[in-house]
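In what follows, a single structure is set out as structure tokens and then discussed.
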Amino acid sequence: MKEHGGKKMCAFQLEREREYVLDSMQRYIRTKPEQVKLFETLVGPYLIGEEHVTVLDVGCGIGDLSYFLSGLNPGAQFTGVDNAPFLLEQATRLCEKIPNVTFREADLYALTQHFGTKAFDFSVCKQVLSWLPAYEDALREMMAVTRRAIFTSSLFYDGRIDFNIRVREYVTEAGRDGYNAFYNVYSFPVFRDFCIAQGARDVVCFDFQIGIDLPKPETQNRMGTYTLRLESGERLQVSGALLLPWKIVRIDLQNQKPRLIAE
């Protein structure tokens with residue numbers, strides 16, 4: 001773990017830890033993730049037919065979200081940012097033949113220092129906020145650099161309760177020193193109030209229901225997502241001992257309507 005702006009951030013210092021992360025993320029490319037499909041449905045109507053539109057992919061990892069979304073509008077310009085160079089190297093390789101996608105190292109807590117204010121039409125952020133100690137500072141920065149709307153997925157609860165969840169994986173280097181990850185579940189009503197207080201025009205929530213079965217991980221010593229199917233056919237996503245209530249949220253920063261209506 002390392003300190004950054006008073007917040008502890010995970011550092012993948014060992015080669016085997018970096019390899020584990022990359023291996024787990026590579027499946028995002030081999031098979032398009034179900035959550036990415038929902039991003040396409042929600043973001044697509046705002047991109048298709050737009051000229052000179054710009055999109056910031058915050059916490060882009062290996063670039064899978066930009067990789068898939070970029071095909072919706074070859075004229076849109078995507079910029080992916082992350083603070084892990086080894087992930088950005090993979091992202092650059094993945095998108096090396098896609099001219100409208102670029103990547104750069106940047107701190108999500110200092111986006112305005114890197115880009116200035118209102119630099120992008122849209123921002124997207126997949127599965128990042130719940131892994132932070134808290135979302136407020138990062139979200140302020142995302143709102144500051146975005147003109148029109150933000151689409152972000154995170155773990156949310158429908159009531160007014162936040163769940164601050166710390167995970168300690170003892171088999172990892174960071175886990176031997178202390179808690180090495182967050183799996184926070186945020187109150188959506190409180191999250192919405194925060195966004196409105198920061199100037200958002202509206203905040204709309206979409207439940208994510210996974211449509212495929214995911215097997216249990218080979219080991220119980222690492223977090224890894226799998227599904228449990230209910231009698232109703234609905235699938236619950238689980239990691240370790242935790243249920244994962246994923247939602248995608250659209251934060252409108254301007255009054256606008258998409259060119260197309262999402263189904």
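Basis for what follows: all heavy atoms, side chains included, without hydrogens, waters or symmetry-related copies.
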Heavy-atom side-chain proximity of L155 to W246 below 4.5 angstrom: yes
D121 versus T54, side-chain donor and acceptor atoms under 3.5 Å: yes
Residues, nucleotides or ligands: over 12 heavy atoms within 6.0 Å of K118 NZ: yes
Residue pair F39 / P33, side-chain heavy-atom distance below 4.5 Å: no
K32/D64 ion pair, N-O < 4.0 Å: no
Test item: Y186 and K247 side chains (from C-beta on) under 4.5 Å apart, heavy atoms: no
V128 and V58, any side-chain heavy atoms less than 4.5 Å apart: no
Donor-acceptor pair, side chain of D202 and main chain of D252, under 3.5 angstrom: no
Main-chain N/O of L111 paired to E141 side chain as donor or acceptor, under 3.5 Å: yes
Min side-chain heavy-atom separation N73-I48 under 4.5 Å: no
Test item: L129 and F191 side chains (from C-beta on) under 4.5 Å apart, heavy atoms: yes
Test item: L132 and L108 side chains (from C-beta on) under 4.5 Å apart, heavy atoms: yes
Over all atoms of both residues, closest heavy-atom pair of V124 and L65: CG2-CD2, 3.7 Å
Over all atoms of both residues, closest heavy-atom pair of A134 and N184: N-ND2, 4.5 Å
Least distance between heavy atoms, Y183 atom then V167 atom: CD1-CG2, 3.6 Å
Residues E96 and R93 bridged, charged N to O under 4.0 Å: no
Separation of F156 CZ from D162 CG (nearest 0.5 Å): 9.5 Å
Closest contact, heavy atoms only, Y226 versus L228: CE1-CD2, 3.9 Å
Plane angle bin for F151 and F122 - parallel if under 30°, tilted between 30 and 60°, otherwise perpendicular: tilted
Any pair counted as side-chain hydrogen bond (donor to acceptor under 3.5 Å, both in side chains), so long as it reaches residues 231-240, sequence neighbours left out: D213-R235
Any side-chain heavy-atom pair of S70 and V55 under 4.5 Å: no
E136 CD: over 12 foreign heavy atoms closer than 6.0 Å: yes
Rounded distance (nearest 0.5 Å) linking atom CG of D193 with atom OG of S187: 8.0 Å
Sidechain-backbone polar pair: Q90 side chain, I62 backbone, donor-acceptor under 3.5 Å: no
Intermediate values then yes/no, side chain to side chain contact (heavy atoms under 4.5 Å, CB included), T92 and F103: CA-CA 7 Å; T92 301; F103 299 97; 4.1 Å; yes
Heavy-atom closest pair, residues G63 and C95: O-SG, 4.3 Å
Same apolar cluster: Y170 and Y179, side chain cutoff 4.5 Å: no
Main-chain N/O of A76 paired with N100 side-chain donor or acceptor, under 3.5 Å: yes
Derivation of the side chain to side chain contact (heavy atoms under 4.5 Å, CB included) call for V249 and C205: CA-CA 4 Å; V249 174; C205 186; 4.2 Å; yes
Closest contact, heavy atoms only, I248 versus S153: CG1-CB, 3.7 Å
Donor-acceptor pair between S130 and S154 side chains, under 3.5 angstrom: yes
